[in-house]
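Note sheet for the following structure.
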Protein chains: 2
Amino acid sequence: MARKTGSDGKKTATDLRAAATALFAKHGFAAVSMRQIAQKVGVQAGALYLYTPNKQALLFDIMQQHLDGLLGAWETEKLPDSATPLAQLQRFVSFHIHYHLDRADEVFIAYMELRNLLPENLATISETRRRYELVLEGILAAGQKTGDFQISDCKLSSYAIIAMLTGMTTWYRDQGRLSLAEIEQVYQGLVYGAVSGAKTKS
Amino acid sequence: MARKTGSDGKKTATDLRAAATALFAKHGFAAVSMRQIAQKVGVQAGALYLYTPNKQALLFDIMQQHLDGLLGAWETEKLPDSATPLAQLQRFVSFHIHYHLDRADEVFIAYMELRNLLPENLATISETRRRYELVLEGILAAGQKTGDFQISDCKLSSYAIIAMLTGMTTWYRDQGRLSLAEIEQVYQGLVYGAVSGAKTKS
DNA sequence: CTACCCATTGAACAAGTGTTCAGTTAACCT
DNA sequence: AGGTTAACTGAACACTTGTTCAATGGGTAG
């Protein structure tokens with residue numbers, strides 16, 4: 001046996017990414033072997049090296065593709081700069097929730113496996129992530145300027161809000177107690193309250 | 001060479017926990033070998049098995065000790081139930097921030113290595129964590145009842161707040177732009193706003 | 001001084017690791 | 001029909017993995 005009937009390099013390449021993503025998310029990068037991935041793809045381990053130079057590159061590609069997709073999707077879904085900061089913020093919250101829930105595995109990997117990246121790859125990924133954080137930071141700063149938001153520190157607040165939103169992926173389940181629309185409402189309220197300041201000062 | 005001069009079982013046992021904690025946090029459970037841990041302790045790998053039955057138990061012990069310590073510390077630091085919900089919440093935020101920042105490695109492990117636990121161990125850990133989440137959920141429910149807080153869903157809000165606070169550990173550095181006291185102020189404000197509702201409804 | 005225990009070594013075990021490569025076959029092109 | 005290329009196998013490489021255990025020497029009580 002060598003080449004299989006109906007084999008297709010393009011398909012195997014995407015299957016590889018999909019299998020690796022699922023396994024890395026479930027067990028962690030270091031705990032998954034190339035042979036496990038190969039089995040999931042339905043191929044011998046050696047064949048994987050036609051589609052990735054090595055295991056590390058596989059991890060890096062998955063992360064980078066995810067973050068590029070995230071930034072790209074935001075560019076097409078964001079409101080124009082002329083919109084009010086509050087409207088932009090609401091759009092961001094909604095976008096972040098939906099994009100992340102639809103890609104729970106990739107999100108998990110992008111947040112958990114940073115320490116398994118080579119220093120050079122880590123630098124690239126960190127920079128891309130920083131660009132995304134700056135999106136929210138920019139919205140907060142705009143609202144701070146117009147007086148719509150009461151924020152003591154835009155950078156910290158953006159970190160806090162992103163952490164809060166991303167945390168959803170760890171507990172969200174389809175068929176849970178609340179619908180996704182209800183959950184989004186709760187989070188919109190929390191974020192709105194956090195940036196608007198409270199009625200009375202403590 | 002067999003026994004070393006000045007050797008002490010009690011000390012080696014605590015050294016083992018410390019070394020494993022540091023290494024697991026830095027590289028991840030699966031990426032760290034017993035030989036690496038042994039080297040950090042200053043001992044051969046075989047000797048570790050006098051102090052832990054296996055690698056898995058080592059991970060479980062570290063997590064369980066951390067979560068038990070967290071719950072225990074809260075019991076001694078929390079305000080009496082007679083205190084106002086807002087005061088209790090502020091105490092919780094302050095406690096959570098300080099306790100977690102002082103134990104960045106343990107926190108990291110407790111959140112990242114859940115998937116490397118055996119199912120039975122995972123169940124135990126999850127239950128302990130749930131008890132901690134219920135602390136905050138209880139405070140929020142109390143404030144909801146008195147009307148001090150405007151919260152649409154206590155469970156979700158507790159998840160969101162804990163995620164927001166715990167996220168700090170991923171970026172906080174001593175000697176950063178802001179002092180810890182300043183950071184705490186920012187977070188107190190964000191949490192207060194989130195639970196108090198905003199001035200105007202969107 | 002002797003006997004015992006505690007703490008440790010160092011080698012060994014079987015299994016698994018990422019990665020390479022000569023060989024083999026299916027699919028496509030002429 | 002024949003040749004070329006793309007896709008893949010299966011074995012091999014040198015190492016690392018978690019874990020066990022007989023052997024060994026320091027520390028201490030009698």
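Proteins come first, then strands; the chains are lettered A, B, ... in the order of their sequence lines, and each starts at number 1. Hydrogens, waters and symmetry mates are skipped; everything else that's a heavy atom, side chains included, is used.
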Heavy-atom donor-acceptor pair, Arg35(B) side-chain to dG18(D) base, under 3.5 Å: yes
Within 45° cone of Phe29(B) ring axis and under 6.0 Å: Lys55(B) NZ or CZ: yes
Nearest-angstrom distance from the residue atom CD of Gln36(A) to C1' of dG18(C): 13 Å
Among dG18(C), dT9(D), dT17(D), the nucleotide that comes nearest once only the side chain of Ala47(A) is considered: dT9(D)
Short side-chain N/O contact from Ser33(A) to OP1 or OP2 of dG16(C), under 4.0 Å: no
Integer-rounded Å distance: dT19(D) P and Leu58(B) CG: 10 Å
Six-ring centre of Tyr111(B), Arg129(B) cation under 6.0 angstrom, axis tolerance 45°: yes
Distance in angstrom units between Tyr49(B) OH and dC6(C) C1', rounded: 20 Å
Atom-pair distance (CG on Leu59(B); P on dG18(D)), nearest Å: 13 Å
Selected nucleotide, minimal atom distance to Leu50(B) side chain, candidates dT20(D), dT8(C), dT19(C): dT8(C)
Out of dT17(D), dT9(D), dT8(C), whichever nucleotide has its closest atom nearest the side chain of Val43(A): dT9(D)
Ring-face cation of Arg130(A) near Tyr132(A) (centre distance under 6.0 Å, axis angle within 45°): no
Short side-chain N/O contact to dA7(C) OP1/OP2 from Thr12(B), under 4.0 Å: no
Spacing between Gln39(B) atom CD and dT9(C) atom P, to the nearest angstrom: 12 Å
Shortest side-chain distance from Met34(A), nucleotide among dC8(D), dT19(C), dT17(D): dT19(C)
Side chain of Gln44(B) - closest among dA7(D), dG10(C), dG18(D): dG10(C)
Ile37(A) CD1 - dG16(C) P separation (whole Å): 16 Å
Aromatic plane relationship, His96(B) with His100(B) - under 30° parallel, 30 to 60° tilted, over 60° perpendicular: parallel
Interatomic distance where CG belongs to Leu16(B) and C1' belongs to dT8(C) [whole Å]: 14 Å
Interatomic distance where NZ belongs to Lys11(B) and C1' belongs to dC6(C) [whole Å]: 16 Å
Candidates dG18(D), dC8(D), dG18(C) - which lies nearest the side chain of Lys55(A): dG18(C)
Between Tyr99(A) and Trp74(A), ring centroids under 6.0 Å: no
